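Since the structure comes first, as structure tokens, the remarks are kept for the end.
Predicted model, so just to flag it, every value in this text is computed and none were measured.
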Amino acid sequence: MVERQHALIEQLRARAPRLTSAQTLATDLGVSSRTIERDVARLRAAGLPLRIQTGPGGGYSIDARSLLPPIELTPGEASALVAAIVAVGPFSSATAQSALQKLLSALRAD
């Protein structure tokens with residue numbers, strides 16, 4: 001499930017800022033539209049800033065910024081993110097691999 005949700009986020013980012021229908025996402029990810037709807041609900045509940053437009057021509061969209069503002073993490077928070085990425089599989093996407101390398105670099109003592 002985590003891998004699928006990561007793939008869903010990546011699909012939305014690739015199409016941002018355009019809206020993408022649940023059916024299109026379902027076809028791309030090899031699941032049902034209902035599965036996409038449940039995943040979107042879980043991701044929104046977790047705080048991911050998704051835009052949802054219902055009705056004809058509706059769909060889902062995500063913020064298309066290429067960079068986020070700097071954040072400060074405690075070593076414990078960074079380690080939790082490393083564990084999450086490892087659980088998903090750091091080689092599941094170039095994005096996951098890049099994030100893992102940045103976190104590991106930050107955790108190394110200078």
Side-chain angles (χ1 to χ4, degrees):
M1 174 172 50
V2 174
E3 294 92 346
R4 184 183 65 241
Q5 290 174 350
H6 180 245
L8 172 59
I9 292 167
E10 289 301 307
Q11 288 289 322
L12 290 170
R13 288 190 53 71
R15 292 179 168 96
R18 296 182 318 256
L19 290 169
T20 305
S21 72
Q23 184 56 54
T24 297
L25 292 165
T27 299
D28 290 349
L29 298 176
V31 297
S32 70
S33 294
R34 183 68 186 122
T35 297
I36 295 297
E37 292 165 4
R38 281 192 300 264
D39 285 348
V40 165
R42 285 184 186 109
L43 292 169
R44 281 196 74 186
L48 191 67
L50 294 172
R51 183 171 69 113
I52 298 174
Q53 183 174 320
T54 58
Y60 306 107
S61 180
I62 194 169
D63 188 332
R65 291 180 289 177
S66 60
L67 292 174
L68 297 175
I71 59 173
E72 292 186 24
L73 300 172
T74 66
E77 290 168 334
S79 295
L81 292 172
V82 167
I85 292 169
V86 169
V88 170
F91 303 106
S92 62
S93 73
T95 305
Q97 189 173 5
S98 174
L100 178 62
Q101 292 308 313
K102 288 177 182 180
L103 288 166
L104 291 174
S105 178
L107 286 170
R108 289 189 187 101
D110 291 311

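Residue L8 holds its CG atom at 5.0 Å from CD1 of I36, rounded to the nearest 0.5 Å. Taking CD of Q97 as the reference point, atom CD1 of I85 lies at 10.5 Å (rounded to 0.5 Å). Here T20 contributes atom OG1 and Q53 contributes atom CD; the two are 11.5 Å apart, rounded to the nearest 0.5 Å. Atoms CG and CD1, on L48 and I62 in that order, are 4.0 Å from each other to the nearest 0.5 Å. With rounding to the nearest 0.5 Å, the separation of CG in D39 from CD1 in I9 is 9.5 Å. Between L50 atom CG and R44 atom CZ the span is 6.5 Å, to the nearest 0.5 Å.
Between L73 and L103 there is a side-chain heavy-atom pair separated by less than 4.5 Å. Side-chain contact check for V31 versus R4: some heavy-atom pair is nearer than 4.5 Å. The shortest distance between side-chain heavy atoms of L25 and R15 falls below 4.5 Å. Side-chain contact between Q5 and L43 is present, with at least one heavy-atom pair separated by less than 4.5 Å. Considering only heavy atoms from C-beta on, Y60 stays 4.5 Å or farther from L19 through its side chain.
The closest donor-acceptor contact from the side chain of S21 to the backbone of G59 lies at 3.5 Å or more, if one exists at all. Formation of a donor-acceptor pair under 3.5 Å by the Q101 side chain with backbone atoms of S98 is not found in this model.
Counting all heavy atoms, side chain and backbone alike, A78 lies closest to L107 at CB-CD2, 3.8 Å. Residue E3 comes nearest to A87 through the heavy atom pair OE2-O, 4.3 Å, listed as atom of the first residue, atom of the second, then distance.
The cluster map of Ile, Leu, Val, Met, Phe, Trp and Tyr, joined by side-chain heavy atoms under 4.5 Å apart, puts L100 and I71 in the same cluster.
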query = For E37 and S33, what are the C-alpha separation, side-chain angles and deciding distance, and is it a side-chain hydrogen bond (donor to acceptor under 3.5 Å, both in side chains)?
reply = CA-CA 6 Å; E37 292 165 4; S33 294; 5.5 Å; no
query = Can T27 and T24 be said to form a side-chain hydrogen bond (donor to acceptor under 3.5 Å, both in side chains), step by step?
reply = CA-CA 5 Å; T27 299; T24 297; over 6 Å; no
